[in-house]
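Below, chains carry the letters A, B, ... as their sequence lines are ordered, and counting in each starts from 1. Keep in mind that the numbers below use all heavy atoms, side chains included, and drop hydrogens, waters and symmetry copies.
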There are 2 protein chains.
Amino acid sequence: MSTIETSPPATPPTTRRRQARATATRTALLDAALEEFAAHGFEGASTRAIATAAGTHQPQINYHFDSKEELWKSAVDHLFGRLDDAVREHLGAADPGWGSRAGFAANIHAFVRAAAGLPELNRIMVQEATIDSERLQWIVERHTRPRFELVTEQWRRLRADGVVADIDETVLYYSLVGAASLAYVNAPEARLLGHDTLADSFIEAHATALVTMFLGADEETAR
Amino acid sequence: MSTIETSPPATPPTTRRRQARATATRTALLDAALEEFAAHGFEGASTRAIATAAGTHQPQINYHFDSKEELWKSAVDHLFGRLDDAVREHLGAADPGWGSRAGFAANIHAFVRAAAGLPELNRIMVQEATIDSERLQWIVERHTRPRFELVTEQWRRLRADGVVADIDETVLYYSLVGAASLAYVNAPEARLLGHDTLADSFIEAHATALVTMFLGADEETAR
DNA sequence: GTCTATAATTAGATAGAC
DNA sequence: GTCTATCTAATTATAGAC
């Protein structure tokens, strides 16, 4: 029927436009919240400042997210989604998986580049992980634990097969994540020291160096 | 003269006791401030909570330190002093210096152990380094830059001599500091994941692993 | 759904008694 | 030097007009 291309009488254009506007407000609030939470921590961030940065007013936060805490959770979920997207993008179509030295190396490379592009993620993580709280418990069960289990499990296998160095998997996890993220978490500090850690040349040198240090020289290449 | 062992008339015991009490209050406030600032960041920390944790009242902070900002600076100075003490202690009497592989290794080992014992230090650093501010500029010029210059200068020399891997010194600095500190900064998170990163066994395995990864296997030992 | 106005709480800092 | 009481400003959340 030809009524398909006309707007349904039950939902007039004004409603649709209002919904689109509401979605835009929500998105703007999420983006602004990420920056504020990353810069000042949950308790130090101001909902007024977030709303102003999003170009709207402070009560909109309670309308769209109920509370400051729910806004934070939504922002963190959104951020981990972007991390997964970025890692997948950097891995490319031919994802080699984690089960070999080359696969683990590709994932380190992709994670370093993703971490550089999303400094807010590790800034929020490091600010929340310093003290036990309901928020930390929420983020650990929802986001950290699955990733921790994946990396440590794969390292354990490679280690058992003698492919990588004889290093405890928890030691490996925190050393690797710390080595991969601090240069971007502390980018403002590095800039004051005279170094641009967000430059492509730094990121590439960093990723390559980490693969060499954590996995050793590639014997395939050495032959 | 025998008057030496009697208390001087100009400074009666009550004054001395009051001064001792004041020093105790100052110290208690500094210790409490370190925990609060490390846990919640500068803006999230409450001077009321700090005073209560120190067993005194909130106006004492303004009396002893003028402002919240001055309290923070005093706490950070105190903390870096403790870091230097801890590193010196872990190095022991026979400090080999930085100028050789063994010396660099000894300093990595000592820094890991010191970082594990002072998690507040890297927590405060990572919270301040995420955004440019007057506090960040203060801490960089006063504490970070001298340490950054020392480490990168020594690495540059060892690298030029072919003693260590061909890795940029800024890449090395942030990878090393990040790898050495995250397990202790994020100790509450690790505990929720079921791992005690503050245990001696973890610290020792961690320090040994970092030396191997960043400096390669010791050829002296390999012979 | 968005706005203004405001309630209720908490923040850092100050005044003044002792 | 330490305390109680309080000031001013900022916080999150809510009420109600439009």
Q. Starting at the 5' end of DNA chain D and moving along, which residue's nearest nucleotide shows up first, B/Thr23 or B/Arg48?
A. B/Thr23
Q: Considering only NZ, NE, NH1 and NH2 on the basic side and carboxylate oxygens on the acidic side, decide whether B/Glu153 and B/Arg156 come within less than 4.0 Å.
A: yes
Q: Verify the ring-centre separation between A/His143 and A/Phe148: is it less than 6.0 angstrom?
A: no
Q. Which part of the nucleic acid, if any, lies within reach of A/Ala45 when heavy atoms closer than 4.0 Å are counted: base, sugar-phosphate only, or nothing?
A. sugar-phosphate
Q: Give a yes/no on whether any side-chain N or O of B/Thr25 is located under 4.0 angstrom from OP1 or OP2 of D/dT2.
A: yes
Q. Between atom CD in B/Glu43 and atom P in D/dT12, what is the gap in whole Å?
A. 12 Å
**Q.** Separation of C/dT14 C1' from B/Asp66 CG (nearest whole Å)
**A.** 13 Å
**Q.** Electrostatic pair B/Asp85-B/Arg88, nearest N-O below 4.0 angstrom
**A.** yes
**Q.** Contact under 4.0 Å: B/His57 side-chain N or O vs D/dT2 OP1/OP2
**A.** no
Q: Could you point out which residue of B/Glu70, B/Glu141, B/Glu128 forms a salt bridge (charged side-chain N to carboxylate O under 4.0 Å, His left out) with B/Arg135?
A: B/Glu128
(Q) Distance check needed: D/dT2 C1' versus B/Arg26 CZ, whole Å only. (A) 16 Å
Q. On DNA chain C, nearest-nucleotide positions of A/Tyr63 versus A/Gln58: which is more 5'?
A. A/Tyr63
Q. Rounded to the Å, how far apart are B/His40 NE2 and C/dG12 P?
A. 12 Å
**Q.** Phosphate OP1/OP2 of C/dG12 contacted by B/Ser67 side-chain N/O (<4.0 Å)
**A.** no
**Q.** Between C/dA11 (C1') and B/Glu69 (CD): distance, integer Å
**A.** 16 Å
Q: Starting at atom CD1 of B/Ile61, determine the distance to atom C1' of D/dT4, rounded to an integer number of angstrom.
A: 16 Å
Q: Let me know the distance between CD of B/Gln60 and C1' of C/dT14, rounded to the nearest Å.
A: 14 Å
Q. Any ion pair linking B/Arg147 and B/Asp84 (charged N to carboxylate O, less than 4.0 Å)?
A. yes
Q. Does a side-chain N or O from A/Thr47 land closer than 4.0 Å to OP1 or OP2 of D/dA13, or not?
A. no
(Q) Without decimals, in angstroms, what is the distance between A/Asn62 CG and D/dG16 C1'? (A) 15 Å
